[in-house]
Protein chains: 2
Amino acid sequence: MSSAKKKQPAAARPSPTMADLAKLAGVSKITVSRALADSPLVSPDTRERIQALARKQGYKLNVSARNLRLRRSHTVAVIVEMQPSSSRTMWDPYPLSLLGGISQELTSAGYSVLLTTRQGAADAAVQAADGVILLGQGEREDAVRLYDKMGLPMVVWGARGDRDNHIVVGSDNRQGGISVAERFLSIGRRHPVFIGNSEHPEMAQRLHGFVDELAGQGIKPLLLQRVDWTLDSGADAVRSLAARKVRFDAIFACSDLLAMGAIRALVELGLSVPNDVSVVGYDDTPLGASFLPPLSSVRQNWQEGGVLLARKVLALIQGQAVSSQMLPTSLIVRAT
Amino acid sequence: MSSAKKKQPAAARPSPTMADLAKLAGVSKITVSRALADSPLVSPDTRERIQALARKQGYKLNVSARNLRLRRSHTVAVIVEMQPSSSRTMWDPYPLSLLGGISQELTSAGYSVLLTTRQGAADAAVQAADGVILLGQGEREDAVRLYDKMGLPMVVWGARGDRDNHIVVGSDNRQGGISVAERFLSIGRRHPVFIGNSEHPEMAQRLHGFVDELAGQGIKPLLLQRVDWTLDSGADAVRSLAARKVRFDAIFACSDLLAMGAIRALVELGLSVPNDVSVVGYDDTPLGASFLPPLSSVRQNWQEGGVLLARKVLALIQGQAVSSQMLPTSLIVRAT
DNA sequence: CGATATCAAGTTATCGATATCATTTCTTCA
DNA sequence: TGAAGAAATGATATCGATAACTTGATATCG
């Protein structure tokens with residue numbers, strides 16, 4: 001092997017390897033490895049010398065090589081489920097807040113975040129991860145199972161189904177519903193309405209909490225099914241109430257948009273908020289807060305949820321026992 | 001769950017390697033490799049046989065090993081710049097739309113997305129990527145340079161600075177400003193106001209387009225500096241105008257929130273929108289669209305922007321020549 | 001003073017996949 | 001019939017980092 005390498009003089013220097021550093025420093029590869037890992041097995045002397053050399057030479061660790069040797073990737077896959085055609089999910093601010101928390105926690109633990117939005121596509125890449133975080137609408141059990149059988153440590157965001165055998169982190173939707181019911185009762189409302197989609201697991205739990213709490217006072221709320229969570233949908237809901245000449249004095253809407261739409265319709269109908277009708281939304285979005293009148297809403301702390309998701313996967317990866325957890329919500333009372 | 005791990009029986013079967021498959025099939029490793037890669041170098045016979053075997057055995061490619069051998073990671077790092085303390089960026093819907101487009105395009109090209117939100121932290125991981133996409137507020141030149149000198153193919157989202165020597169994809173902010181000016185001129189407005197932050201590169205370009213177009217008709221708009229892009233900030237801006245008894249008949253606000261705030265203040269002041277004052281926002285958010293009155297706004301197609309970002313990095317990675325590109329915007333005229 | 005720790009560093013093997021260069025078998029045509 | 005060529009498969013080396021074991025030198029102790 002004479003000059004098989006080095007086709008040209010200084011042709012492209014693609015960053016040195018540990019072997020290169022070793023040659024330069026007159027030591028063996030393993031010593032370089034140890035020095036860069038701050039191992040106590042090398043003298044402080046050489047450690048410092050080699051680290052300086054590495055800096056000067058612009059050494060970059062080859063992650064693939066390390067991952068191969070250590071049989072782990074130091075990577076967590078985050079899968080954002082999306083409805084195929086509608087990009088609705090992507091517009092919601094909350095997955096992004098979750099992502100923020102996740103990313104923050106994982107990177108500070110030395111892990112990287114592998115983002116996947118498409119269902120089956122990146123399978124190979126996902127399998128290379130040490131763990132999985134699944135962010136979805138909580139609607140697709142099949143998706144959960146699909147990733148489940150990859151056998152990786154996995155944590156799911158959403159509502160906790162009773163028979164689920166995987167770890168779930170989510171907002172305590174039931175408690176959210178309860179707190180709204182308590183509020184309505186405390187201000188003497190007797191004819192509450194619920195606007196939302198009871199097919200949706202998270203919303204269903206809000207509904208259950210709401211209904212159960214009210215049942216304690218012998219009150220049974222009216223349920224208005226709404227599939228869309230838009231402003232218009234909320235307005236329509238209220239108009240339909242008026243058309244049916246239903247008596248109501250409080251509205252619990254499952255999203256701030258629904259709530260704002262409801263308020264708009266109420267105003268159109270000449271009703272006063274909150275004098276005639278109390279309205280509470282969900283998510284405590286910045287927009288709801290600066291709506292006129294400022295919207296009361298149930299707040300979930302997504303950033304924190306993301307952090308928690310990340311911590312749980314990391315714990316799972318380290319083989320620790322982990323349990324599902326619901327994050328508390330808080331009712332922010334504003335003008336409505 | 002009794003034996004959580006099953007250490008005993010078949011001593012953990014962590015998915016077979018190519019060598020395992022080779023032994024089972026009675027061929028050599030390389031033949032397995034070729035068969036799984038659909039190489040024409042193996043007979044259709046054995047190819048089919050080996051692929052079936054792989055499926056049955058649940059074979060999973062070891063990405064690290066392949067990356068090591070091929071000296072590439074098939075990964076693109078997406079860096080979302082965030083202001084340290086404020087999580088404002090993360091609340092904006094637009095980076096997520098970009099992410100959606102990016103993710104979609106990259107995964108369908110067989111690449112994975114490595115998400116990073118923190119500045120220097122994940123350096124090692126980022127360096128392992130084949131390319132970088134930088135999503136920022138466009139405010140931090142230093143950050144760009146930092147990643148620039150990693151020497152990776154890089155594409156930046158934002159406004160194109162003239163002296164920039166890196167590839168930029170962004171919305172054509174200048175054209176956005178021009179289209180608003182044209183609109184105002186066409187409906188006979190003579191005293192326009194601009195609300196936004198001229199320190200911000202993207203907004204500055206909107207301003208320039210706006211100003212230049214108006215200058216053609218000898219009109220010079222009033223500039224209202226606003227650092228925050230909130231609803232309140234927009235309202236304050238209009239109130240300050242009124243306090244100074246300035247004459248104005250049109251407002252170009254650099255975000256929908258600013259615009260909505262402005263409209264609210266106008267209504268408070270007893271002014272009619274759009275009779276007394278025309279208002280145009282920016283971003284065409286769903287909220288602006290269902291605002292009362294529905295907001296006119298400049299729309300940018302972020303999904304597409306993400307796709308374009310992804311395509312450009314991929315092209316760079318493949319060594320092709322690539323140029324910066326601005327995406328057209330469109331003025332959506334609604335009630336205001 | 002000989003035996004055993006202690007310390008710093010080196011050797012070798014390995015993670016799993018693939019490029020390069022053989023090797024074997026079978027065609028095909030002069 | 002034999003040589004050249006194609007087709008299918010294999011042997012080996014390699015990517016870069018690190019674990020497990022070894023070596024040599026110095027220090028410590030009964």
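Model, not experiment: these values are computed from the prediction. We use all heavy atoms of the structure for the numbers below, so side chains are in, but hydrogens, waters and symmetry mates are not. Throughout, a chain's letter reflects where its sequence line sits, starting with A, and its residues are numbered from 1.
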ask   = Any idea which of dT18(C), dA8(D), dA19(D) is nearest the Ile30(A) side chain?
value =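 Out of dT18(C), dA8(D), dA19(D), the nucleotide with an atom closest to Ile30(A)'s side chain is dA19(D).
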query = Between dG10(C), dG16(D), dA19(C), which nucleotide gets closest to the side-chain atoms of Asn62(A)?
reply =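 The closest nucleotide is dG16(D).
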side-chain N/O [X] vs [N] OP1/OP2, d < 4.0 Å:
| X | N | value |
| --- | --- | --- |
| Ser28(B) | dT9(D) | no |
| Thr31(A) | dA9(C) | no |
| Thr17(B) | dC15(C) | no |
| Ser43(A) | dA8(C) | no |

Roughly, in whole Å, what's the span from [atom1] in [X] to [atom2] in [N]?
| X | N | atom1 | atom2 | result |
| --- | --- | --- | --- | --- |
| His74(A) | dC15(C) | NE2 | P | 20 Å |
| Lys23(A) | dG16(D) | NZ | P | 12 Å |
| Asn67(B) | dA19(C) | CG | P | 13 Å |
| Leu70(A) | dA19(D) | CG | C1' | 9 Å |
| Lys29(A) | dG16(D) | NZ | P | 10 Å |
| Tyr59(A) | dG16(D) | OH | P | 10 Å |
| Leu41(B) | dT9(D) | CG | P | 10 Å |
| Met18(A) | dG10(C) | CE | C1' | 16 Å |

Using a heavy-atom cut-off of under 4.0 Å over every strand shown, decide if [X] touches base, sugar-phosphate, or nothing.
| X | result |
| --- | --- |
| Thr46(A) | sugar-phosphate |
| Arg66(B) | sugar-phosphate |
| Val27(A) | sugar-phosphate |

ask   = So which one's nearest nucleotide on DNA chain D is more toward 5', Leu68(B) or Arg47(B)?
value =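 Per heavy-atom nearest nucleotide, the more 5' residue is Arg47(B).
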request  = For Val42(B) and for Lys60(A), locate the closest nucleotide of DNA chain D by heavy-atom distance; then report the residue assigned to the nucleotide nearer the 5' terminus.
outcome  =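 So the residue in question is Val42(B).
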Does any non-hydrogen side-chain atom of [Y] lie less than 4.5 Å from one of [X]?
| X | Y | result |
| --- | --- | --- |
| Ile317(B) | Val76(B) | yes |
| Met154(A) | Leu316(A) | no |
| Val27(A) | Ile50(A) | yes |

ask   = Ignoring hydrogens and angles, are the base of dG16(D) and the side chain of Arg71(B) linked by a donor-acceptor pair under 3.5 Å?
value =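 No, the side chain and the base share no sub-3.5 Å donor-acceptor pair.
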query = According to the Watson-Crick and G-U wobble definitions, with both distances under 3.5 Å, which nucleotide is paired to dG30(D)?
reply =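 Answer to the pairing question: dC1(C), which forms a Watson-Crick or G-U pair with dG30(D).
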message = Need the pair for dG16(C). Rule: Watson-Crick or G-U wobble, both distances under 3.5 Å, any strand; none if unpaired.
response =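 Result: dC15(D).
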query = Within the side chain of Ser33(B), is there an N or O that forms a donor-acceptor pair under 3.5 Å with the backbone of Lys29(B)?
reply =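 Not confirmed, Ser33(B) side chain does not pair with Lys29(B) backbone.
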query = Is Arg72(B) reaching over with its side chain to a backbone N or O of Asp130(B), donor-acceptor style, under 3.5 angstrom?
reply =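 Checking the backbone N and O of Asp130(B) against the side chain of Arg72(B), no donor-acceptor pair under 3.5 Å is found.
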task = Would you kindly compare Ala65(B) and Arg34(B) by the position of their nearest DNA chain C nucleotide and give the one closer to the 5′ end?
result =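 Its nearest nucleotide being more 5', the pick is Ala65(B).
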query = Is there a side chain to side chain contact (heavy atoms under 4.5 Å, CB included) between Leu99(A) and Leu115(B) once you walk through the steps?
reply = CA-CA 9 Å; Leu99(A) 264 183; Leu115(B) 183 70; 3.9 Å; yes
